[in-house]
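Read the structure below first, then the notes.
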Amino acid sequence: MVYPESIDAVGIFSTAHWKDPKRFTYTPQAFRDYDVDIKIIACAICGSDIHTITGHWGEPYYPLAVGHEIVGHIVKVGPKAKKGLKVGDRVGVGAQCDSCGSCARCCKHFENGCPKLVNTYMSHYPSGVATQGGDASHIRVNSKFVFQIPDSLETKHAAPLFCGGITGSAPLYQNNVGPGSKVGICGIGGIGHMSIMFAKALGAEVYAISRSRRKEEDARKMGADHFIATNEEGWDKNYEDTLDLIINTSSSFTGIDFDRTLNLLSGKGKSVFITAPPASEKLTITPMQMLLNGYSVGGSGLGSPNDIEHMLKVAAENNIKPWIETYDINEENLSKAWQRVESGKVRYRITMVGHDEFFKSK
């Protein structure tokens, strides 16, 4: 069988053998009136993909196709789908593919906090059907989580925006960052490099924060006005009481002196982490430090549909282009790309392309 009865994908059959992805087919859940079907043309690799396939977040189900930075063309639209979507549109899908639509959070446009949130992969629809990601020929999702891509954004650059881009920029919108804001971006990687670009585009004075100066030249090209290397003596004292907002984009809290990083904040400053570390990690903070300085510490995951629409507008108006590498999708290249991301050698995101050629070769 082929689409629409089944969907071709490539993924893992065991976390122990995550470096050896294989092709498989799966049956998507029944098409709902508000769904759309998308023929995928590109899918970027997120750190979440690596955490999942290696088992850092627990044992997944099998087989499993990951990938939630998806770009493709609509091939089917339900009669009650989101207004404006039509067959042929180039669209994107991120890490969320469904929500209940009726809870208090959904009604307040915080769909990414819905208790019944359905992730694009490693999740289950209310029907019980398991979700599969964008390393596939097609995907079927709730149209509320499908977004038209501005013509000025190239597919290979647009794909990473749908998880990394929105995750790293949503805290900027939520905290009203604009001209005059001083923002620190901690961690210059797949998400952090996009956070720098968006903070700069919004008019902020941007401080890139990293363990060493190895990425300083890159950070400044991305738009950073200042660079703080935390392996240098006195780094926190030199910039104490400076920042309005810190966004921590590091993949782990290990090795981060959180209290010293908070010292960079001015009074009533806020630190937001988008970090989703291995499940065993804990974050320790000092209550008195927060009390005396009026600091706030919070987390931010993904972004609402409204946030994503806003992000795409900002990206198009400011010509934001994530720094990427591209690979044609197949089993061998996907394995190589995963391993390159896992090693930390990517500068700074990988977009898998060539889905049509690969999946029609079956």
Side-chain angles (χ1 to χ4, degrees), residues 3 7-11 28 35-49 65-77 81-82 84-97 119-121 131-169 190-191 194 197 302-303 305 307-316 319-330 333-334 337 341 346 348-360:
Y3 170 83
I7 291 175
D8 295 328
V10 58
D35 283 343
V36 299
D37 283 355
I38 299 165
K39 185 176 183 180
I40 298 169
I41 59 175
C43 185
I45 297 175
C46 179
S48 300
D49 300 353
V66 295
H68 57 205
E69 297 183 335
I70 302 164
V71 175
H73 294 107
I74 294 178
V75 293
K76 183 178 180 179
V77 181
K82 184 169 68 177
L85 295 177
K86 61 186 183 300
V87 171
D89 282 352
R90 185 177 61 126
V91 295
V93 176
Q96 181 177 6
C97 65
N119 295 312
T120 302
Y121 64 78
T131 58
Q132 299 284 353
D135 292 332
S137 63
H138 297 76
I139 193 165
R140 175 173 294 166
V141 298
N142 182 338
S143 61
K144 187 170 189 176
F145 300 95
V146 174
F147 306 92
Q148 292 166 312
I149 299 172
D151 291 341
S152 62
L153 297 177
E154 278 189 81
T155 291
K156 64 183 180 181
H157 294 128
L161 298 178
F162 284 96
C163 181
I166 186 57
T167 301
S169 64
I191 294 179
M194 288 185 273
M197 294 178 184
L302 311 181
D307 288 335
I308 294 172
E309 295 283 8
H310 181 62
M311 172 201 67
L312 291 171
K313 182 174 184 290
V314 173
N319 195 31
I320 290 176
K321 294 181 179 181
W323 290 22
I324 62 161
E325 303 171 11
T326 59
Y327 287 69
D328 289 326
I329 191 168
N330 57 49
N333 282 348
L334 187 58
V341 174
V346 176
Y348 283 88
R349 211 70 164 176
I350 289 178
T351 301
M352 305 303 297
V353 297
H355 287 61
D356 186 55
E357 186 66 26
F358 175 63
F359 287 108
K360 77 178 182 183

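Each residue takes its place number in the sequence, starting with 1.
Judged by distance alone, with hydrogens and angles left aside, the side-chain atoms of Thr351 form no donor-acceptor pair with the main-chain N or O of Cys43 at under 3.5 Å. In this structure a side-chain-to-backbone donor-acceptor pair under 3.5 Å is missing from Gln96 to Leu302. Judged by distance alone, the side chain of Ser143 and the main-chain N or O of Val36 form no donor-acceptor pair under 3.5 Å.
Judged as a side-chain hydrogen bond (donor to acceptor under 3.5 Å, both in side chains), the pairs with a partner in residues 147-160 (not counting sequence neighbours) are, in order, Asp89-Gln148, Arg90-Thr155. Applying the salt bridge (charged side-chain N to carboxylate O under 4.0 Å, His left out) test to pairs two or more places apart or on separate chains, those with a residue in residues 133-145 are Asp37-Arg140, Glu111-Lys144.
Between Arg349 and Glu325 no salt bridge is recorded (no basic side-chain N to carboxylate O distance below 4.0 Å).
Atoms CD1 and CG, from Ile320 and Leu153 in turn, are 9.0 Å apart once rounded to the nearest 0.5 Å. Taking OH of Tyr3 as the start and NZ of Lys76 as the end, the distance is 6.0 Å to the nearest 0.5 Å. Here Ile166 contributes atom CD1 and Met194 contributes atom CE; the two are 10.5 Å apart, rounded to the nearest 0.5 Å. To the nearest 0.5 Å, the span separating CD1 on Ile70 from CD1 on Ile41 amounts to 12.0 Å. Here Cys97 contributes atom SG and Asn142 contributes atom CG; the two are 8.0 Å apart, rounded to the nearest 0.5 Å. In this structure, SG in Cys46 is found 5.5 Å from CD1 in Ile191, a value given to the nearest 0.5 Å.
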### Message
I'd like to know whether Ile38 forms a side-chain contact (heavy atoms from CB on, under 4.5 Å) with Val146, so could you lay out the CA-CA distance, the side-chain angles of the two residues, the decisive distance to 0.1 Å, and finally the verdict.
### Response
CA-CA 9 Å; Ile38 299 165; Val146 174; 4.1 Å; yes
### Query
Under the side-chain contact (heavy atoms from CB on, under 4.5 Å) criterion, do Phe147 and Leu312 qualify, and how do the steps go?
CA-CA 9 Å; Phe147 306 92; Leu312 291 171; 3.8 Å; yes
### Task
Assess whether side-chain contact (heavy atoms from CB on, under 4.5 Å) is satisfied between Thr326 and Ile350, documenting all intermediate values.
CA-CA 6 Å; Thr326 59; Ile350 289 178; over 6 Å; no
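In this structure, Ala81 and Val77 approach most closely via the heavy-atom pair CB-CG1, 3.6 Å. Closest non-hydrogen pair, Val10 versus Ile329, comes out as CG1-CD1, 4.1 Å. Summarising the geometry of Ala159 relative to Glu69, their closest heavy-atom pair is O-CB, 3.0 Å, with the distance given to 0.1 Å. Between Thr120 and Gly94, the shortest heavy-atom contact is OG1-O, 2.5 Å. The two atoms that bring Ala158 and Ile149 nearest to each other are CB-CG2, 4.0 Å, heavy atoms only. Considering every non-hydrogen atom in both Ile45 and Val341, the closest pair reads CG2-CG2, 3.8 Å.
In summary, the side chains of Asp49 and Tyr121 do present a donor paired with an acceptor at a separation below 3.5 Å, with no hydrogens or angles considered.
Relative to the six-membered ring of Phe145, Lys82 misses at least one condition, a distance below 6.0 Å or an angle of at most 45° to the axis.
Between Ile139 and Ile7, the closest side-chain pair of non-hydrogen atoms is not below 4.5 Å. Looking at heavy atoms from C-beta onward, Met311 lies in side-chain contact with Leu161 at the 4.5 angstrom threshold.
In this structure, the ring of Phe162 has its center no less than 6.0 angstrom from the ring center of His68.
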